[in-house]
Protein chains: 2
Amino acid sequence: MAPSARRLRIRGTNGWFPPTLPPPHENAVLTQEDLVALEGIGQARVLGTGDTMYEQDGAADMLFLVQSGIVRVSHLTADGNRHILAFHWQGDVCGLMEDGRYVNSAVALCETHVLGLPRVALQGLLLSQPLLQNEFLVKVAADLRKTQRLLIALSSFDAPHKMASFLLECTHHEDHYDAAAQVVTLFADRKDIADYLGLSGETVSRALGVLAEAGLIRRISTRRIGIEFSRLRHYVEA
Amino acid sequence: MAPSARRLRIRGTNGWFPPTLPPPHENAVLTQEDLVALEGIGQARVLGTGDTMYEQDGAADMLFLVQSGIVRVSHLTADGNRHILAFHWQGDVCGLMEDGRYVNSAVALCETHVLGLPRVALQGLLLSQPLLQNEFLVKVAADLRKTQRLLIALSSFDAPHKMASFLLECTHHEDHYDAAAQVVTLFADRKDIADYLGLSGETVSRALGVLAEAGLIRRISTRRIGIEFSRLRHYVEA
DNA sequence: CGGACGTTTGAATGGACTCAACGCACGTGG
DNA sequence: CCACGTGCGTTGAGTCCATTCAAACGTCCG
């Protein structure tokens with residue numbers, strides 16, 4: 001299939017692999033043709049809040065493309081500890097597997113639309129459409145970079161800094177950030193945030209207290225946080 | 001280009017994307033033809049111990065394929081903290097970039113041979129050879145999984161467990177593990193290990209003390225550690 | 001023999017954790 | 001409409017572990 005002009009333009013701007021990433025939340029853009037091709041081999045699925053998309057150690061035959069909503073990808077360790085590796089949004093791909101089994105679990109945090117892509121069919125499609133495969137390459141590379149960011153935040157910051165960093169990450173998602181009012185609407189509860197940042201729920205709570213005390217945020221409700229964007233940014237940088 | 005029988009066999013075993021990963025250290029295997037094609041567009045480079053492959057924030061025009069040796073990929077944060085994100089070995093790809101600049105720094109830990117692959121030429125090659133692009137996709141996915149592993153280890157284990165986990169990781173590399181004698185030869189100094197595991201150098205030292213005290217390892221010299229492989233594995237799992 | 005660097009060990013500090021109690025919002029049923 | 005229960009969030013007290021600062025130790029190389 002010949003590439004569309006639009007696709008080429010987009011690629012020319014963002015760069016190929018390795019990706020020249022726009023702001024971390026943005027992603028490789030699939031063209032309309034790409035999407036049609038993927039829908040041809042995939043099956044749409046709608047998940048409600050708390051529904052499981054796939055389960056760690058479960059037989060893995062599909063990869064998933066998130067079309068709307070939020071997906072929480074977590075891993076359970078042998079000692080019973082849960083770790084959230086990523087939150088996925090529209091355009092993200094998930095379903096990492098090893099030896100035919102999913103490595104992690106994925107759960108929808110709200111009503112979420114995904115496209116299930118059978119592994120074998122996807123292989124064939126990607127091989128026949130190098131441009132599409134390249135989009136996937138860019139997506140995975142972006143995911144890698146996102147994970148690296150988390151890794152760094154996790155091991156270098158104290159609890160308040162981690163929390164500040166998370167709040168700034170939230171501002172990248174328009175659905176959950178009112179830029180005019182500077183208000184973040186949290187999409188995860190305290191325990192989820194804790195497992196994402198490598199903290200306990202109580203510490204997340206206390207970290208919010210510290211930030212509020214410092215005047216960097218104001219608590220509107222448990223799920224709504226007003227932020228002083230630039231001061232918060234400065235706080236994380238320093 | 002028609003795929004070789006060998007390539008198809010290998011792929012049939014390991015699976016396409018998302019990769020069915022063999023032991024974590026192994027990687028997508030490039031065929032001889034792949035390598036020839038890459039050498040056609042790339043330039044071989046030899047690095048001595050401590051030589052920089054590329055620098056964080058430096059202009060990024062090349063991706064690198066490690067052909068032998070060890071590469072340490074690290075990131076320096078604004079607050080002066082250094083984090084080691086990965087050690088790369090033969091067959092690994094590195095050079096993640098954003099906006100035309102490298103995101104991390106890469107340094108050789110010993111004599112290291114790499115193939116520098118100009119970004120634009122690589123783009124063209126990958127698009128013209130879907131099978132080769134797929135190998136890269138697998139490599140990046142493997143890298144993502146490796147980073148996830150590190151992330152989990154980092155936030156769930158205490159210092160001795162992190163250290164034990166690192167030692168087990170070392171056993172995957174034949175050049176640095178004498179399986180018969182059960183002796184690991186560390187390829188990084190205490191500070192590097194510390195920055196990889198999110199600890200201080202002193203804590204790494206103490207963690208080794210704890211493991212030795214528990215009879216899980218024996219210190220032969222600062223860089224050579226005898227290990228009780230199965231007991232160590234059991235220690236990490238539990 | 002001395003110096004430099006990496007490693008180990010010690011003592012004191014601090015930050016996050018656990019355990020526990022309390023507060024708050026929501027929903028249900030009387 | 002109020003009483004009650006439940007789930008989540010916050011707050012408090014005490015403990016533990018990694019860190020920092022500091023000094024001693026070792027080893028390799030001049």
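Protein chains get the first letters and strands the later ones, always in sequence-line order, with residue 1 at the start of each. Values reported hereafter were calculated over all heavy atoms of this structure, with side chains retained and with hydrogens, waters and symmetry mates removed.
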Between atom CD1 in B/Ile225 and atom P in C/dT7, what is the gap in whole Å? 11 Å
Does a side-chain N or O of A/Arg219 approach OP1 or OP2 of D/dT10 to a distance below 4.0 Å, or not? yes
Test A/Arg72 against every option in A/Asp192, A/Asp92, A/Asp189 by the salt bridge (Lys or Arg N to Asp or Glu O under 4.0 Å) rule and name the one that passes. A/Asp192
Round to the nearest Å and state the distance from A/Asn81 atom CG to C/dC17 atom C1'. 12 Å
Does the protein touch nucleotides 22-28 of chain D at the base, only the backbone, or not at all? Give it as B, S and - per nucleotide, heavy atoms under 4.0 Å. B------
Separation of D/dG7 P from A/Asp192 CG (nearest whole Å): 17 Å
Before accepting this row, confirm whether a basic side-chain N of the pair A/Asp195/A/Lys191 lies closer than 4.0 Å to the acidic partner's carboxylate O. yes
Looking only at side chains, do A/Ser74 and A/His83 share a donor and an acceptor under 3.5 Å apart? no
Would one find a side-chain N or O of A/Thr222 under 4.0 angstrom from OP1 or OP2 of D/dG9? no
Rounded to whole Å, NZ of B/Lys191 lies from C1' of D/dA18 at a distance of 14 Å
What is the separation between atom CZ on A/Arg223 and atom C1' on D/dG7, rounded to the nearest whole Å? 12 Å
Aromatic ring proximity, centroids under 6.0 angstrom, A/Tyr177 and A/His172: no
Kindly say if B/Ser200 contacts the phosphate of D/dT19, meaning a side-chain N or O under 4.0 Å from OP1 or OP2. yes
A/Lys162 bridged to A/Asp158 by N-O distance under 4.0 Å: no
Both B/Ala188 and B/Arg206 contact DNA chain C. Taking the nearest nucleotide for each, which residue is further toward the 5' end? B/Ala188
Is the distance between the ring centroids of A/Trp89 and A/His176 under 6.0 Å? yes
Side-chain polar contacts of residues 104-115 of chain A - donor-acceptor pairs under 3.5 angstrom, sequence neighbours left out - could you list them?
unit_1   : atom_1 : unit_2   : atom_2 : d
A/Asn104 : OD1    : A/His75  : ND1    : 3.1
A/Asn104 : ND2    : B/Gln148 : OE1    : 3.2
A/Ser105 : OG     : A/Gln56  : N      : 2.8
A/Glu111 : OE2    : A/His113 : NE2    : 3.3
A/Thr112 : OG1    : A/Ile70  : N      : 3.3
A/Thr112 : OG1    : A/Ile70  : O      : 3.4
A/Thr112 : OG1    : A/Cys110 : O      : 2.8

Could you tell me how far apart A/Glu213 (CD) and D/dT11 (P) are, to the nearest whole angstrom? 10 Å
Just wondering, more than 12 heavy atoms not from B/Glu237 lying within 6.0 Å of its CD? yes
Can you measure B/Arg224 atom CZ to C/dT7 atom P for me and round it to whole angstrom units? 16 Å
Among residues 153-164 of chain A, which ones have heavy-atom contacts with DNA chain D below 4.0 Å? none
Inspect the contact between A/Glu98 and B/Arg149 and indicate whether a charged nitrogen and a carboxylate oxygen are less than 4.0 angstrom apart. yes
Between C/dT7 atom P and B/Ile220 atom CD1, what is the distance in whole Å? 16 Å
For A/Thr203 and C/dC17, is the shortest distance between a side-chain N/O and OP1 or OP2 below 4.0 Å? yes
